[in-house]
Amino acid sequence: MSESAEPPIAGSDVSPVIEEAGRQLRAPWAASTAGILFSLLFTTALLLLRSQAMLDADDAELIRQFAAGEDLAGLIGGLYLAPFAGIMFLWFIAVIRDQIGEREDRFFATVFFGSGLLFVAILFAAVAVASWPIVGVRYLGQAAPTAREIEMTRALSYTLLFAFGIRAAAVFLLAMSTVGLKSGVFPSWFGRAGYVVGVVLLVVVAIWDWVILVLPAWVALISLVILRRERTRQRAT
């Protein structure tokens, strides 16, 4: 009687699949996907939050709006899109660092990583402040906020995002441009453009707050550059 074949070791077929999945998540196309998704989600969330009718409503109108469910735009932008925008931004940072690898300058890489984390933290804090009236009414059974409370909420979230968050974004762009130029990951013209954008974010925010949309536009552009370069490399091979 022939000996029966030994059963496969549990998990022996799973490890290669997990390793391949890990490689795909760290691939250049993953950075491009994350960057583009961040740009779309962040821009849409900001537009929805800034276009809410409650921002200019009086007390009676606020009660009517919440009773009629007209806080939907803020709900979608603040509680759904903005958190996922932050997650996509973290994924973008992780893949870029993985692509640079041993070529990264540790000093500027630390600034790049730290400023990116700081931006996401400030983004989450600003959106949480902007969303508390919706959470209170919809999920905690609280009364509709007053116009005064909305004004204070708007001022605090504005200060967090447009006064502090945008400075973290500026440092992120400056550090990322430096890391990209030193490692050769970015074209020289793109790195120099990053310096210009970073300086603009540091200075112009006090004049025009919508300049913060320069960050998602820049991330989307660099994502397309990475994606195009990866497609060219694959065709060459």
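This is a predicted model, so every value here is computed, not measured. Excluded from the calculations below are hydrogen atoms, water molecules and symmetry mates; all remaining heavy atoms, backbone and side chain alike, are included.
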Let me see the working for Leu181 and Phe108 under side-chain contact (heavy atoms from CB on, under 4.5 Å), right down to the final yes or no.
CA-CA 11 Å; Leu181 287 174; Phe108 287 103; over 6 Å; no

Would you kindly confirm whether Ile166 and Ile122 end up in one hydrophobic cluster when ILVMFWY residues are joined by side chain heavy atoms under 4.5 Å apart?
no

Tell me whether the count of non-hydrogen atoms from other residues, nucleotides or ligands lying under 6.0 Å of CZ in Phe190 goes above 12.
yes

Tightest non-hydrogen contact, residues Leu202 and Ala170, listed as CG-CB, 3.5 Å

Pairwise side-chain contact, Glu149 with Trp132, heavy-atom cut-off 4.5 Å (strictly under)
yes

Side chains of Phe42 and Met88 in contact at under 4.5 Å (non-hydrogen atoms)
no

So for atom CZ, which belongs to Arg192, do other residues, nucleotides or ligands contribute more than 12 heavy atoms lying within a distance under 6.0 Å?
no

Would you compute the distance between atom CG of Leu201 and atom CZ of Arg167 and round it to the nearest 0.5 angstrom?
9.0 Å

Is the closest basic N to carboxylate O distance between Arg148 and Glu151 below 4.0 Å?
yes

Are Val129 and Tyr158 grouped together when hydrophobic residues (ILVMFWY) are joined by side-chain heavy atoms under 4.5 angstrom apart?
no

Leu161 CG to Ile212 CD1 distance, which is reported to the nearest 0.5 Å
4.0 Å

Restricting to non-hydrogen atoms, name the atom on Gly74 and the atom on Leu49 that form the minimum distance, rounded to 0.1 Å.
O-CD2, 3.8 Å

Heavy-atom side-chain contact between Leu46 and Leu81 under 4.5 Å:
no

On a heavy-atom basis, which atom in Ala82 and which in Ala45 lie closest, and how many Å separate them?
N-CB, 3.8 Å

Kindly work out whether a path of hydrophobic side-chain contacts (I/L/V/M/F/W/Y, heavy atoms less than 4.5 Å apart) joins Leu90 to Leu41.
yes

Out of curiosity, Leu213 CG to Trp218 CH2, how far, rounded to the nearest 0.5 Å?
16.0 Å

Roughly how far apart are Arg64 CZ and Leu62 CG, rounded to 0.5 Å?
10.0 Å

Smallest heavy-atom separation, Pro216 atom then Ser39 atom, equals O-OG, 2.6 Å

Are the side chains of Ile93 and Leu117 in touch, meaning some heavy atoms are under 4.5 Å apart?
no

Do Val127 and Met152 belong together in a cluster built from hydrophobic side chains that touch within less than 4.5 Å?
no

What orientation do Phe89 and Phe92 show, parallel under 30°, tilted 30 to 60°, or perpendicular over 60°?
parallel

In terms of heavy-atom contacts, Ser131 and Leu79 come closest through CB-CD2, 3.9 Å

Cluster overlap Leu160 with Leu123, hydrophobic side-chain contacts below 4.5 Å:
no

For the OG1 atom of Thr33 and the CG atom of Leu227, what is their distance to the nearest 0.5 Å?
7.0 Å

Decide if the gap between the ring center of Phe84 and the ring center of Trp91 is smaller than 6.0 angstrom.
no

Work out which heavy atom in Pro145 is nearest to a heavy atom in Ile150; give both atom names and the distance.
CG-CD1, 3.8 Å

Between Ser51 and Leu48 (side chain of the first, backbone of the second, donor and acceptor by atom type, cut-off under 3.5 Å), is there such a pair?
yes

Should the ring pair Phe119 and Phe38 be called parallel, tilted or perpendicular, given that the plane angle runs from 0 to 90° and is split at 30 and 60?
perpendicular

By side-chain hydrogen bond (donor to acceptor under 3.5 Å, both in side chains) - contacts of Thr178 (at least two apart):
Tyr195

If you define the side chain from C-beta out and look only at heavy atoms, does anything of Leu75 sit under 4.5 Å from Leu72?
yes

dist Ile222:CD1 -> Ser32:OG (nearest 0.5 Å) comes out at 9.0 Å

Ser157 (side chain) donor-acceptor with Arg154 (main chain) under 3.5 angstrom
yes

Taking the side chain as everything from C-beta on, heavy atoms only, tell me whether Ser115 gets closer than 4.5 Å to Leu173.
no

Kindly say whether Asp58 contributes a backbone atom to a donor-acceptor pair with the side chain of Glu61 at under 3.5 angstrom?
no

Looking at residues at least two apart in the chain, or sitting in another chain, which of them share a ring pair (Phe, Tyr, Trp, His ring centres under 6.0 Å) with Phe112?
Phe172

Test side-chain contact (heavy atoms from CB on, under 4.5 Å) on Val111 and Leu174 and set out the steps.
CA-CA 9 Å; Val111 178; Leu174 293 171; over 6 Å; no

Contact between Ile134 and Gln52 at the side-chain level, heavy atoms closer than 4.5 Å - yes or no?
yes

